2 protein chains.
Amino acid sequence: MDNETSLRNERKRGSGVKVVYDILRDEILDLELPPGSPIDEVQLSERFGMSRTPIREALVRLAGEGLIDTLPNRSTMVSQIDFLNMHSYFDALVLMYRVTTQLAAKYHRPEDLEIVRALQTDFADAVEAQDALAMISTNAALHLAIAESGRNSYFTSLFSRLLNEGRRILRLYYQSYNDRLPRRFVEEHDEIIDAVAARDIELAERLAREHAEQIVAQIQKLLVRGDRLDVRL
Amino acid sequence: MDNETSLRNERKRGSGVKVVYDILRDEILDLELPPGSPIDEVQLSERFGMSRTPIREALVRLAGEGLIDTLPNRSTMVSQIDFLNMHSYFDALVLMYRVTTQLAAKYHRPEDLEIVRALQTDFADAVEAQDALAMISTNAALHLAIAESGRNSYFTSLFSRLLNEGRRILRLYYQSYNDRLPRRFVEEHDEIIDAVAARDIELAERLAREHAEQIVAQIQKLLVRGDRLDVRL
DNA sequence: TGCATATTTCTTGTCGACAAAATAAATACA
DNA sequence: TGTATTTATTTTGTCGACAAGAAATATGCA
């Protein structure tokens with residue numbers, strides 16, 4: 001808290017909203033603020049040492065992404081994870097894995113792969129170090145980089161939303177593994193990247209699908225058993 | 001302008017933001033506010049008879065959906081239609097047509113089809129009346145209803161975003177037809193709905209794809225010739 | 001004591017005003 | 001006259017304060 005209030009007077013105009021937005025977003029996605037946590041504007045304005053106006057703007061943006069729910073004239077709280085519609089989430093996630101990887105195999109440029117490979121190294125390091133939070137974020141960054149090399153901003157932004165939403169679920173998931181993840185994931189990533197680099201569109205799509213479906217299957221073992229994951233196009 | 005200012009004193013608390021948001025959104029999507037139009041907060045606050053605060057909140061939400069662009073500390077304007085990345089748009093649109101229709105064939109319930117059929121009637125009426133704006137909105141409503149009967153909120157919301165974004169392009173497109181649209185579209189809709197009702201998943205997906213690709217192809221004839229529309233999964 | 005109504009408290013929604021940033025206009029100087 | 005610097009204007013970002021709605025508490029009455 002001290003870190004934030006100390007910035008009170010050395011803040012650039014317009015930066016406040018972004019700071020609040022980023023911090024709250026991370027706290028929500030990392031389950032530091034678990035679903036259902038009340039969000040109080042005055043409390044936040046005291047915490048960040050600014051008036052309610054910029055806080056409010058950050059909250060509006062978070063609400064726009066569905067991360068918080070606002071009851072009119074009443075309280076606002078961190079939105080619940082929708083376990084009932086989890087199958088929707090998994091369907092969408094698998095499809096986006098497939099589509100973005102496939103497009104990456106088609107349209108990537110050499111310089112994209114450098115970034116991707118660097119992020120894959122980061123992910124491997126995180127697995128080696130058994131750092132769950134780092135695994136989640138580097139994994140997301142890696143797949144987003146692949147998606148971006150496919151050059152379709154609509155798919156990328158939906159994928160990004162899904163991966164973020166997933167951070168909340170994955171946080172639970174990784175915990176169940178005692179924050180240890182098999183190296184197989186690292187190898188699968190390598191195979192996917194190789195297929196993309198070789199521009200083997202079908203292989204890239206198949207590997208991405210298998211990768212995604214396997215992750216989903218493992219998560220589902222932990223959750224209410226959804227029985228509707230069979231997207232075939 | 002009078003309509004809006006007259007509501008100055010009879011407004012329910014909290015409703016202002018929604019009103020401003022809805023109106024501006026429609027004006028942008030219907031090209032009443034063409035891309036690049038400057039958005040002035042004080043001007044809007046005078047127009048709607050309220051302070052800048054609720055105006056600002058509406059603008060933040062619009063910016064969140066990419067409908068306006070905000071230059072920090074400077075002007076904010078209606079965002080440009082991205083003709084350069086149009087292929088991305090078409091790829092995403094076609095895929096969403098396919099996925100949502102396919103899921104509808106799988107998971108729709110009888111009561112969903114009543115709504116869908118009613119909206120199809122509305123669309124047919126609009127075509128008959130040669131009312132371009134009505135065609136655009138009823139067409140979007142119809143396909144969204146189909147999507148919703150597929151019960152995947154992630155796909156539905158991306159599809160909704162795409163159809164809205166499309167309203168700006170379609171507005172140009174329909175104009176090129178002199179606001180007349182062939183009845184073929186009505187027939188194609190009927191076929192799609194029948195396939196969904198029969199739960200013929202493959203047929204529904206194929207018809208939706210053909211429907212979408214045909215529309216896209218016709219739009220592309222009007223635009224910068226994009227050469228990257230060949231999504232095959 | 002139990003329930004309905006009134007009052008208080010608490011949080012959000014809105015407002016008007018001020019300050020900072022950027023742009024446009026004006027002035028000074030060569 | 002042309003350019004650089006200074007000043008004014010415009011527009012956004014932030015603030016503190018107030019009002020409305022809802023929830024919590026207190027009061028009145030049977």
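Remember, predicted model here, so these are calculated numbers, not experimental data. Lettering of chains follows the sequences in order, A, B, ..., and the numbering in each one begins at 1.
Comment: B:Arg47 engages B:Glu27 in a salt bridge, judged by a side-chain N to carboxylate O separation of less than 4.0 angstrom. Classification of B:Arg151 and A:Asp91 as a salt-bridged pair fails, no side-chain N sitting under 4.0 Å from a carboxylate O. Salt bridge B:Glu57/A:Arg56: present, at least one basic N to carboxylate O contact under 4.0 Å.
Taking atom NZ on B:Lys18 and atom P on C:dT12, their separation rounds to 21 Å, with Å as the unit. The CD-C1' distance, from B:Glu57 to D:dT14, rounds to 16 Å in whole Å. For the pair B:Arg56 CZ and C:dG13 P, the computed distance is 17 Å after rounding to whole Å. A straight line from CD1 of A:Ile55 to P of C:dT11 spans 15 Å, rounded to a whole angstrom. Taking atom OH on A:Tyr21 and atom C1' on D:dG13, their separation rounds to 19 Å, with Å as the unit. Atom C1' of nucleotide C:dC15 and atom CZ of B:Phe48 are separated by 18 Å, given to the nearest angstrom.
In summary, of the residues considered (A:Leu119, A:Thr121, A:Val127, A:Asp125), a side chain to side chain contact (heavy atoms under 4.5 Å, CB included) with A:Phe123 occurs for A:Val127 alone.
Between A:Ser51 and the phosphate of D:dC15, there is a side-chain N or O to OP1/OP2 separation shorter than 4.0 Å.
You'll find that the side chain of B:Arg52 is closest to D:dT14, out of D:dT14, C:dG16, C:dT12. Closest to the side chain of A:Met50, out of D:dT14, D:dC15, C:dT11, is D:dC15.
Of all the residues in residues 66-76 of chain A, A:Asn73, A:Arg74 reach under 4.0 Å from DNA chain D with at least one non-hydrogen atom.
Within 4.0 Å of B:Glu41, counting heavy atoms only, lie sugar-phosphate atoms of the nucleic acid but no base atom. Residue contacts shown for A:Ile39 are limited to sugar-phosphate atoms, with no base heavy atom under 4.0 Å away.
A:Ala147 and A:Phe159 make their closest contact through CB-CD2, 3.8 Å (heavy atoms, listed as atom of the first residue, atom of the second, distance).
Scored by the salt bridge (charged side-chain N to carboxylate O under 4.0 Å, His left out) test, A:Arg74 finds no partners at all (sequence neighbours excluded).
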Q: List the steps and the verdict of side-chain hydrogen bond (donor to acceptor under 3.5 Å, both in side chains) for B:Tyr21 and B:Glu65.
A: CA-CA 11 Å; B:Tyr21 170 82; B:Glu65 298 180 29; 2.3 Å; yes
